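Here is the structure we will look at, set down as structure tokens.
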2 protein chains.
Amino acid sequence: MFELPKENITPDVFREKCPARYLLNRVSGKWSILIIDILDDRNLRNGELMRLVEGISQKMLTQTLRELESIKLITRHDMQIIPPHVEYELTSLGKSLREKICAMDRWIEENMLEIISNNKNFSVKIAE
Amino acid sequence: MFELPKENITPDVFREKCPARYLLNRVSGKWSILIIDILDDRNLRNGELMRLVEGISQKMLTQTLRELESIKLITRHDMQIIPPHVEYELTSLGKSLREKICAMDRWIEENMLEIISNNKNFSVKIAE
DNA sequence: GCCAACGGTTACCAAAAGGTGCGTACTATC
DNA sequence: GATAGTACGCACCTTTTGGTAACCGTTGGC
């Protein structure tokens with residue numbers, strides 16, 4: 001629950017109490033970025049997300065999905081059958097944000113080798 | 001210190017042990033995004049950054065700057081004078097990444113009102 | 001009959017992130 | 001002489017984040 005200030009709702013991520021800052025912190029979480037990225041035009045199910053996003057736990061997956069749903073970036077489709085079948089889908093807002101997130105993720109992948117080569121923080125040197 | 005796997009260094013943020021995942025986690029930290037965003041073409045000093053990035057503590061600022069320096073996104077220029085004068089600057093790699101990060105930040109600012117309006121998670125409703 | 005799979009929830013605990021206050025050394029201003 | 005500004009480092013403590021294991025109810029396969 002985020003308390004909106006009564007004055008000053010000019011969007012600005014640099015202002016501590018601005019909702020934009022709050023949203024940035026939600027979106028830029030460790031798992032949020034990966035989930036938004038992997039949810040492209042297809043819908044994905046809980047189990048599929050678990051397998052595609054390596055390292056995520058069931059707890060964090062559920063928690064992140066609920067959070068993204070609450071800020072209207074994804075929709076949860078519960079088929080109401082037994083055994084359960086639930087699909088997650090990006091909203092149009094989510095798809096729009098996904099473009100920006102993907103641009104960042106692809107940049108990191110493309111520039112990964114340049115960053116880690118000759119870098120003392122990475123222990124095994126990459127072959128030239 | 002990140003242990004590089006000997007095999008499989010294909011860049012992929014969805015793979016747990018891929019350096020790309022590690023880099024994504026560094027870059028998408030709570031404060032990293034804001035610091036990269038605010039450092040545009042100008043150089044900024046410690047005190048200026050403290051004032052511009054609302055809510056950051058001295059400890060986190062220093063820590064984040066050191067981290068960004070270690071992955072070659074910023075450069076630290078120590079003028080070696082008393083009283084101290086130190087400037088931080090984006091590397092060309094950092095400037096390139098900044099474009100992607102800014103796109104995300106501006107998107108959040110532009111869509112902030114749409115997200116928070118009629119949202120039960122935000123307690124004071126925004127006037128229409 | 002037993003187990004896996006579905007999509008979770010809950011409780012408990014460990015690890016990581018982050019805040020606070022103090023100290024450093026020097027200069028310039030009042 | 002006291003205070004503020006410069007740019008930090010360090011120790012201590014709290015808060016947040018995240019992992020693990022157990023559990024739920026149902027169905028389908030062996």
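Here is the naming used below: chain letters follow the sequence lines, and residue numbers restart at 1 for every chain. As the structure is a prediction and not an experimental result, all values here were calculated from the model.
Heavy-atom distances to DNA chain D give each of A:G29 and B:H85 a nearest nucleotide, and the one nearer the 5′ end belongs to B:H85. Residue order along DNA chain C, read from the 5' end via each residue's closest nucleotide, puts A:K59 first among B:M60 and A:K59.
Salt-bridge formation is detected for the pair A:D37/A:R106: a Lys NZ or Arg NE/NH1/NH2 atom is positioned less than 4.0 Å from an Asp or Glu carboxylate oxygen. The pair B:E54-A:R15 counts as a salt bridge, with a side-chain nitrogen and a carboxylate oxygen less than 4.0 angstrom apart.
Shown are B:K30, B:R76, B:R26; of these, the salt bridge (charged side-chain N to carboxylate O under 4.0 Å, His left out) with B:E67 is made only by B:R26.
If you measure from atom CG of B:L44 to atom C1' of D:dC8, you get 17 Å, rounded to the nearest angstrom. In this entry the distance linking CG of A:L34 with P of D:dG18 reads 12 Å, nearest Å. Distance CZ (A:R26) to P (D:dT16): 10 Å, rounded to an integer number of Å. Nucleotide D:dG18 holds its C1' atom 11 Å from the CD1 atom of A:I56, rounded to whole Å. Note: CD (A:E67) to P (D:dT16) measures 13 Å, nearest angstrom.
No donor-acceptor distance shorter than 3.5 angstrom exists from the side chain of B:E89 to the backbone of B:H77, with no hydrogens or angles considered.
When DNA chain C is scanned in the 5' to 3' direction for atoms under 4.0 Å from non-hydrogen atoms of chain B, the outermost contacting nucleotides are C:dG18 to C:dT27.
Non-hydrogen atoms lying under 4.0 Å from DNA chain C are contributed by B:I82, all within residues 68-82 of chain B.
Using a 4.5 Å cut-off on side-chain heavy atoms (C-beta onward), A:V86 and A:Y88 make contact.
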- Message: For A:I108 and B:R21: C-alpha separation, side-chain torsions, deciding distance, then whether side-chain contact (heavy atoms from CB on, under 4.5 Å) applies.
- Response: CA-CA 9 Å; A:I108 289 173; B:R21 173 74 141 264; over 6 Å; no
- Full working for side chain to side chain donor-acceptor pair (under 3.5 Å) between A:N46 and A:Q58: CA-CA 9 Å; A:N46 180 80; A:Q58 176 64 60; 3.1 Å; yes
- Message: Show, in sequence, the C-alpha distance, side-chain angles and deciding distance for A:K95 and A:L39, and conclude whether the side-chain contact (heavy atoms from CB on, under 4.5 Å) test is met.
- Response: CA-CA 9 Å; A:K95 283 177 186 166; A:L39 276 174; over 6 Å; no
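Nearest to the side-chain atoms of B:R66 among the listed nucleotides D:dG18, D:dC8, D:dT6 stands D:dC8.
Rounding to the nearest 0.5 Å places CG of A:L24 at 12.5 Å from CE of B:M112.
Side-chain nitrogen and oxygen atoms of A:S57 include none within less than 4.0 Å of the OP1 or OP2 phosphate oxygen of D:dG18. Taking 4.0 angstrom as the limit, B:R45 places a side-chain polar atom (N or O) nearer than this to OP1 or OP2 of D:dA7.
No engagement by B:Q63 is indicated, since no non-hydrogen atom pair under 4.0 Å with the nucleic acid exists.
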